[in-house]
Protein chains: 2
Amino acid sequence: MGTTQLESVQEPKYWHLKTVLSEALDSDFSVGEVLPNERDLAQRFGVARATLRQALEQLELEGRLQRRRGVGTTVAPPRVGVAVATAQHGWAGEDTDGAWQPVECTTATAPSAVAAMLDTDSGELVHVVRRIRVAHGQAVAAELLYVPSSSVPELSAIEAPSGPVRARRVLKELHRLDLDGQDRSVELGSARADDAKELDRLPGAPVLVVTTRYLAAAGTAAVSVATYRADTCRLTFGDSGALEISHDEQERKAS
Amino acid sequence: MGTTQLESVQEPKYWHLKTVLSEALDSDFSVGEVLPNERDLAQRFGVARATLRQALEQLELEGRLQRRRGVGTTVAPPRVGVAVATAQHGWAGEDTDGAWQPVECTTATAPSAVAAMLDTDSGELVHVVRRIRVAHGQAVAAELLYVPSSSVPELSAIEAPSGPVRARRVLKELHRLDLDGQDRSVELGSARADDAKELDRLPGAPVLVVTTRYLAAAGTAAVSVATYRADTCRLTFGDSGALEISHDEQERKAS
DNA sequence: GAGTGGTCTAGACCACACT
DNA sequence: GTGTGGTCTAGACCACTCC
């Protein structure tokens, strides 16, 4: 005993726990409410804390819970729908709700994967603009925008030395370009230390990595790698408004 | 000793391990190669197996590794870029690489979140088409397509009884509609038991949930909820071809 | 300092895929 | 049967937040 599977079918304990907790969240808790701490919950359900944590991790991944070290576990609000621009240029500013805020601008070599998408030699220096996207008073995304010098010829190399001012300068120059379109991809990743800090998460937190290639007549004008908080964000693409789904659709019994 | 943090800075062991393993993967391993088992690896690095597993989980999440119970851990190939249709109707068939394969079709009530997007009353019966998307000989996505009867008036209620034949029939009817556009959203989720089975993953595996609302003159013609394997897929949107990024861009030293 | 979540250990057994 | 990854336990200490 002890580790024996009590359930009739062989369903992992943490999975069953997750289901029970999920239903409890729907019925007995409201957004922002604080849950009992992990040690109490584990004891209450008769499982080890590690097992309880496995269930909580899943629920956090699905955007149902929010956990903060030293504070506690709270019921998360429905995911924020953030529009990923399709037709508009990304840097025109003033998105419907969440706007991009330039943070800084440095000059560095692009990662090899980015250099491959730009038509630059790897090792070539490019402008790197750091931007943060804020929605509902919370940082939802951190971006690195790689701009080869050839895309912003008007910009003298030694101007404002690496700050928000210079970032805005680069964006302004970029805004002048005619764009032919954008290639975009979305994949799952884990937050690097720097991104995690900006997003108020721990390193390794799950993020949605949106890679955008801005195409101009001359070729690839710029490449953006934006990491969105996967726990709180729902990325929306679309011809019209936003979607209305709140979180994962209800469990559906196997047919 | 024992649990003491040996590293100069306080960086979690599993995080450091992940970095080390990641570099080893780049230099000493090739795609498809089998890693030593977890017990060996843990001992080799002088950590508990649970800690080693935390690092492996991260790498799997990032699409670097593939783990299969009873088999072992192998080096994963670069993520597959799967195009999420933008302009075309999704059900016309024959996507560039991965095509949708109808599996079955039942009649059921849509989940409340889906019913809200359709203009149906919750509780109303709709056609539910199950499709699987295959790319490179591997199932990459499982979809449930919800079609209200009003969108396919020509279809008699009691026709082919719930099978691929009926699924194709519904899609064919659907194909006749003029679409005004699509709303689409992407978010992180965990695989339900049924989806996990189709995708050859364990329940709870991370998936990218793509929710699409197909808009017709009359309103919402159909809603699709597709779950893509987050470990192996990179969703691409775009006016032109696919992106070239292989996996997470290299670590960037804090500036 | 007290309380929280985050990390880590050293075991054990289970489910599954091979042979 | 043997070996793999998956689950689970019962502890411990650490890092952080708040009082």
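Quick note on labels: first sequence line is chain A, next is B, and so on, each numbered from 1. Bear in mind the structure is a predicted one, so any value in this text is a computation, not a measurement.
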TODO: Please state whether the phosphate of D:dT7, meaning OP1 or OP2, lies under 4.0 angstrom from any side-chain nitrogen or oxygen of A:T51.
DONE: no

TODO: Establish, with yes or no, whether the OP1 or OP2 oxygen of D:dT4 is under 4.0 angstrom from a side-chain nitrogen or oxygen of B:R67.
DONE: no

TODO: Starting from the 5' end of DNA chain C, give me the residue, B:V47 or B:R39, whose nearest nucleotide shows up first.
DONE: B:V47

Task: B:Y14 vs C:dC8: side-chain N/O to OP1/OP2 distance below 4.0 Å - done: no

- [ ] Among C:dG5, C:dT7, D:dC8, find the nucleotide with the atom closest to the side chain of A:Q54.
- [x] D:dC8

- [ ] Report the residue (B:E60 or B:G70) whose heavy-atom-nearest nucleotide on DNA chain D is the more 5′ of the two.
- [x] B:G70

TODO: Ignoring hydrogens and angles, answer whether the base of C:dG6 and the side-chain atoms of A:R49 contain a donor-acceptor pair closer than 3.5 Å.
DONE: yes

Task: Candidates D:dG5, D:dT9, C:dA17 - which lies nearest the side chain of B:V71 - done: C:dA17

- [ ] Mind checking A:L56 for me? I need base, sugar-phosphate or nothing, with any heavy atom below 4.0 Å counting as a touch.
- [x] nothing

Task: Whole-Å distance separating the CD atom of A:Q58 from the P atom of D:dC8 - done: 11 Å

TODO: Compare the minimum distances between each of C:dT7, D:dT7, C:dT9 and the side chain of A:P12, then state the nucleotide with the smallest one.
DONE: D:dT7

TODO: Using the side-chain contact (heavy atoms from CB on, under 4.5 Å) rule, pick out the option among A:V84, A:V140, A:V80 that qualifies with A:L235.
DONE: A:V84

Open item on the list: Taking only side-chain N and O atoms of B:R68, does any of them lie within less than 4.0 angstrom of OP1 or OP2 on D:dT4?
Closed with: no

Task: Separation of atom CD in B:Q66 from atom P in D:dT4, rounded to whole Å - done: 18 Å

Task: Length of the CG-P vector between A:D200 and C:dG6, whole Å - done: 12 Å

TODO: Please state how far atom CZ in A:R201 lies from atom C1' in D:dA15, giving the value in whole angstrom units.
DONE: 16 Å

- [ ] Please state how far atom NZ in B:K18 lies from atom P in C:dC8, giving the value in whole angstrom units.
- [x] 13 Å

Open item on the list: Any heavy-atom pair between the side chains of A:R69 and A:L202 that's under 4.5 Å?
Closed with: yes

Open item on the list: Closer than 4.0 angstrom, basic N to acidic O: yes or no for B:D195 and B:R130?
Closed with: yes

Open item on the list: Side chain of A:R69 only, heavy atoms from C-beta on: which candidate in D:dG5, D:dT9, C:dT4 is closest?
Closed with: C:dT4

- [ ] For residues B:R131 and B:L171, determine if any side-chain heavy atom of one lies less than 4.5 Å from a side-chain heavy atom of the other.
- [x] yes

- [ ] Could you please name the option among D:dG5, D:dC8, C:dG6 that lies closest to any side-chain atom of A:L202?
- [x] C:dG6

Task: Pairing nucleotide - C:dT19, Watson-Crick or G-U, each distance under 3.5 Å - done: none

Open item on the list: Using whole Å, what does the distance between atom C1' of nucleotide D:dG5 and atom CG of B:L41 come to?
Closed with: 12 Å

TODO: Whole angstrom is fine here: how far is it from CD in A:E11 over to P in C:dA15?
DONE: 13 Å

Task: Phosphate-side-chain proximity, A:T73 and C:dG5, N/O vs OP1/OP2 below 4.0 Å - done: yes

Open item on the list: On the nucleotide D:dG3, are OP1 or OP2 found under 4.0 Å from the side-chain N or O atoms that B:N37 carries?
Closed with: no

TODO: Ignoring hydrogens and angles, tell me if any N or O in the side chain of A:R234 forms a donor-acceptor pair with the backbone of B:L188 under 3.5 Å.
DONE: no

Open item on the list: Any non-hydrogen side-chain atom of B:H127 less than 4.5 Å from a side-chain atom of B:Y146?
Closed with: no

